[in-house]
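Sequential numbering from 1 along the given sequence is applied to the chain's residues. Every heavy atom of this structure was used, including side-chain atoms; hydrogens, water molecules and symmetry mates were not.
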Amino acid sequence: MVSKTIDVGSIPTAPVMKKLLITFLILICILTACGKETPLLEASDYELNQNTNTTSKGIGIGDTPEVFLAAYGSYDIETSIEYGPFEAITPKEIPFTDSIRTILPTFFIDGLPTTIEQICTDNEIERSELLSLLSSDEYLQNHTVVYHYMIFTWENGLITDIHSEFMDYNEDASYYEDLEAEPIK
């Protein structure tokens with residue numbers, strides 16, 4: 001009969017195993033960037049139904065903030081208060097009962113949706129340099145650049161107007177430079 005002995009000192013104890021498991025999970029989160037990533041709208045998401053004046057997600061005139069946020073709350077939303085500049089405000093802090101406009105913007109570079117932050121990172125520029133990059137002849141010779149956006153106008157907590165438009169930088173970038181210089185009313 002063969003007898004086997006086990007060196008109990010070499011078996012990890014439950015607290016050690018727990019620490020190893022937690023360390024492993026943290027390492028996986030760091031390596032895979034497990035933070036919540038904001039989804040991007042596709043070009044088809046910017047099409048309005050002309051008969052009902054509703055978005056592809058069913059949002060229309062008269063809808064409330066709750067309905068709007070259920071459809072678009074996980075996307076990047078920028079807000080203009082009293083026709084001021086658009087700024088990033090968390091969905092919970094958007095003052096829907098004021099006179100505001102919300103915009104859902106997406107740039108499409110070579111047909112793929114991307115964020116402003118990603119464009120800046122990819123091209124090693126500051127956000128203030130974005131328009132210069134996207135309207136430069138050199139950049140436009142190598143890339144197609146289309147900017148899609150939907151603007152929702154709000155009064156007293158209800159959507160009163162919806163516009164969906166796009167800007168094709170390859171068609172006439174200088175027009176957009178002039179447009180960017182003028183305040184939108």
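- Taken to the nearest 0.5 Å, the CD1 atom of Ile151 stands 11.0 Å off from the CD atom of Glu78.
- Under a 3.5 Å cut-off, the side chain of Gln141 and the backbone N or O of Glu138 do not form any donor-acceptor pair.
- To the nearest 0.5 angstrom, Ile89 atom CD1 is 6.5 Å from Ile94 atom CD1.
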Q: List the steps and the verdict of side-chain contact (heavy atoms from CB on, under 4.5 Å) for Phe107 and Met167.
A: CA-CA 9 Å; Phe107 275 98; Met167 298 179 186; over 6 Å; no
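- Under the 4.5 Å side-chain heavy-atom criterion for Ile, Leu, Val, Met, Phe, Trp and Tyr, Phe68 and Ile162 are members of the same hydrophobic cluster.
- The closest side-chain heavy-atom distance from Tyr139 to Ile109 is below 4.5 Å.
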Q.
side-chain contact (heavy atoms from CB on, under 4.5 Å), that's the test. Do Asn123 and Leu130 meet it? Break it down for me.
A. CA-CA 9 Å; Asn123 294 282; Leu130 182 67; over 6 Å; no
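- When all heavy atoms of Gly157 and Pro65 are compared, the pair lying nearest together is O-CD, 3.1 Å.
- The shortest side-chain heavy-atom distance between Ile59 and Ile159 falls under the 4.5 Å cut-off.
- Proximity of Phe86 to Arg101: side-chain heavy atoms (C-beta onward) are separated by under 4.5 Å at one or more points.
- Between Leu104 and Tyr149 the shortest side-chain heavy-atom distance does not fall below 4.5 Å.
- Using modelled atom types and a 3.5 Å distance limit, the side chains of Trp154 and Thr102 yield a donor-acceptor pair.
- With hydrogens and angles ignored, the 3.5 Å screen pairs a side-chain donor or acceptor of Asp63 with a backbone N or O of Gly60.
- When each of Thr106, Thr55, Asp76 is tested with Leu41 by the rule side chain to side chain contact (heavy atoms under 4.5 Å, CB included), just one qualifies, namely Thr106.
- You'll find the side chain of Tyr147 reaches within 4.5 Å of the side chain of Pro105, heavy atoms only.
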(Q) Applying side chain to side chain donor-acceptor pair (under 3.5 Å) to Ser99 and Tyr83, what does each step give before you reach the verdict? (A) CA-CA 8 Å; Ser99 292; Tyr83 294 98; over 6 Å; no
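- Across every non-hydrogen atom of Ser74 and Pro39, the tightest pair is O-CD, 3.1 Å.
- For the residue pair Gln118 and Asp122, a side-chain donor N or O sits within less than 3.5 Å of a side-chain acceptor on the partner.
- A donor-acceptor pair under 3.5 Å is formed between the side chain of Asn49 and the backbone N or O of Asn51.
- Scanning all heavy atoms of the two residues, the minimum distance from Ser135 to Leu131 falls at OG-O, 2.6 Å.
- In summary, the side chains of Glu155 and Thr160 do not present any donor paired with an acceptor at a separation below 3.5 Å, with no hydrogens or angles considered.
- Asn170 places a side-chain N or O within donor-acceptor distance of the main-chain N or O of Val145, the cut-off being under 3.5 Å.
- In this structure, the side chains of Phe152 and Tyr72 come closer than 4.5 Å at one or more pairs of heavy atoms.
- Leu48 places a side-chain heavy atom less than 4.5 Å from the side chain of Asn53.
- For CG of Asp137, the number of neighbouring non-hydrogen atoms (other residues, nucleotides, ligands) closer than 6.0 Å is 12 at most.
- The CD atom of Glu42 lies 6.0 Å from the CZ atom of Phe108; values are rounded to the nearest 0.5 Å.
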(Q) Could you walk me through whether Asp168 and Thr144 satisfy the side-chain contact (heavy atoms from CB on, under 4.5 Å) test, starting with their C-alpha distance in whole Å, then the side-chain angles of each, then the deciding distance to 0.1 Å, before giving a yes or no? (A) CA-CA 8 Å; Asp168 186 334; Thr144 59; over 6 Å; no
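- Nearest heavy-atom pair across Ser164 and Glu47 is OG-N, 4.5 Å.
- Side-chain heavy atoms closer than 4.5 Å link hydrophobic residues (I, L, V, M, F, W, Y) into clusters, and following such links, even through other members, never connects Leu158 to Ile103.
- Pro95 and Ile81 get closest at one heavy-atom pair: CG-CD1, 3.9 Å.
- Two residues are said to be in side-chain contact when any heavy atoms from C-beta on lie closer than 4.5 Å; Ile116 and Arg127 meet this criterion.
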**Q.** Check against side-chain contact (heavy atoms from CB on, under 4.5 Å), Leu69 and Ile77
**A.** CA-CA 10 Å; Leu69 291 175; Ile77 302 170; 4.0 Å; yes
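- Closest non-hydrogen pair, Asp161 versus His163, comes out as OD2-NE2, 2.8 Å.
- Side-chain contact annotation: Glu66 with Thr64, donor-acceptor N/O pair under 3.5 Å present.
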